[in-house]
There are 2 protein chains.
Amino acid sequence: MAKTSQAAGLHPASLAKLHDLDAALELMYYGWRGMTLEADAYLAKQGLSRPHHRILYVVARRPDIAIGSLIEILGISKQALNRPLNLLLERKLLTSKRSPEQHRSKLLRLTAAGQRIEQRASDHERKVLREAFDRVGATGAAAWMGVMEAIADTN
Amino acid sequence: MAKTSQAAGLHPASLAKLHDLDAALELMYYGWRGMTLEADAYLAKQGLSRPHHRILYVVARRPDIAIGSLIEILGISKQALNRPLNLLLERKLLTSKRSPEQHRSKLLRLTAAGQRIEQRASDHERKVLREAFDRVGATGAAAWMGVMEAIADTN
DNA sequence: TTCCTGAAGTCAACATGGTTGACATGAGGA
DNA sequence: TCCTCATGTCAACCATGTTGACTTCAGGAA
């Protein structure tokens, strides 16, 4: 966590704009950073990082999710999932149990501790969004959502 | 580049929303992905990736930048810069020369080939933004910028 | 002039997070 | 019984970042 470099990186006012959309491009970049910075710092204090949070986030919103579905949603390979997932299980932030009937798949759930960490990390991100939305009002927020949906929809 | 996983990852309609801002959180995530997906695919075809593009992007907008300034803007250590930078120099996408008077620092510039790649990669990203802005009109685009500025400004 | 300092740059070792490939295990259906 | 398929694991590899320890060299101080 190079604290010093962040401030420098966040306002590269010195970059010439070669295209009219360069400002938007950079806003996307620094917006992403702005949203995740505090959350990442919090996670690092817990010895976790972004991929762990992604797992916790999804499992929180899909209790009893199977590993296969988790892989699909996260968009990574099962081998890549393996290490962070095992860490979360070891730390007892997640539990895995096999359901009586569907014995083939493990079902994942957050423990209380896992819920707490997921919530706090996500809260850092939501706080940033909330403050930004507060600054621009409801219509601005709605417009933002519209643009982001269009961007996310590209593929 | 796991092409298959992208589609699955992009529309996790199945995730329950635990908080009112969860939708915005996910939009930021998938928006970032949406913007960078094609650009990253293009870069990968060139044997490059995001950090290389970042370097090319900055140098394009700051010809004759010194390495120290580049480090500062990118927010990474000089050692982390070293490998991708050298690759770009080897590939002759960048040139470095020492100025006659300020002999202490190397000045970086894009070659024609470097300019071409920077432009094409950035064009992929700008295309996504442009299409999204077109969908929502000028006021929507302005609102989006406002929100993103507020988010980027957090730190 | 010589010497020292400090910025710039490089090299080595390491951590992390991702990839593929190969394979083991074990439940459940044909 | 046997095959299939989800799960789990191991190994090798790659890319990107980190820190620490150097080298190099311009330019000021002694």
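The analysis underlying the following values was restricted to heavy atoms, covering all of them including side chains, and did not include hydrogens, waters or symmetry mates. Sequence lines set the chain letters: A, B, ... in the order given, protein chains first and strands last, and positions in each chain run from 1.
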Practice task
Take A:S96 and B:R83, find for each the nucleotide of DNA chain D with the closest heavy atom, and name the residue whose nucleotide sits nearer the 5' end.
Solution key: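 Of the two residues, A:S96 wins.
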
Problem - Over-ring placement of B:R61 relative to B:Y57, 6.0 Å and 45° cut-offs - result: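 Flagged: B:R61 positioned over aromatic ring of B:Y57.
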
In this structure, how many angstroms lie between the [atom2] atom of [N] and the [atom1] atom of [X], rounded?
X      : N      : atom1 : atom2 : value
A:L85  : D:dA6  : CG    : P     : 17 Å
B:L87  : D:dC14 : CG    : C1'   : 14 Å
A:L88  : C:dG17 : CG    : P     : 11 Å
B:R50  : D:dG17 : CZ    : P     : 11 Å
A:L107 : D:dT7  : CG    : C1'   : 12 Å
B:I71  : C:dG9  : CD1   : C1'   : 8 Å
A:K97  : D:dT7  : NZ    : P     : 15 Å
B:L81  : C:dG9  : CG    : P     : 9 Å

Practice task
Determine the contact category for A:A66: base if any of its heavy atoms lies under 4.0 Å from a base atom, sugar-phosphate if only primed atoms, P, OP1 or OP2 are that close, otherwise nothing.
Solution key: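 Contact class for A:A66: sugar-phosphate only.
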
Practice task
Select one nucleotide: of C:dA12, D:dT9, C:dT19, the one nearest the side-chain heavy atoms of B:Q79.
Solution key: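 Of the options given, the side chain of B:Q79 lies nearest C:dA12.
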
[X] side-chain N/O to [N] phosphate OP1/OP2 under 4.0 Å:
X     : N      : value
B:K78 : D:dG20 : no
A:N86 : D:dT9  : yes
B:S77 : D:dG17 : no
A:S49 : C:dG17 : yes

Problem - Sole residue of B:H52, B:H53, B:H124 in ring-ring contact (aromatic ring centres under 6.0 Å, His included) with B:Y42 - result: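 Exactly one pass, corresponding to B:H124.
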
Practice task
Would you please test B:D123 and B:R126 for salt bridge (Lys or Arg N to Asp or Glu O under 4.0 Å) and show each step?
Solution key: CA-CA 5 Å; B:D123 273 344; B:R126 282 188 294 255; 2.8 Å; yes

Problem - Salt-bridge contact A:E149-B:R135 (side-chain N to carboxylate O under 4.0 Å) - result: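 Result for this pair is no, no salt bridge flagged.
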
Problem - Check: A:N86 side chain, A:R83 main-chain N or O, donor-acceptor pair, under 3.5 Å - result: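 Checked: no pair found.
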
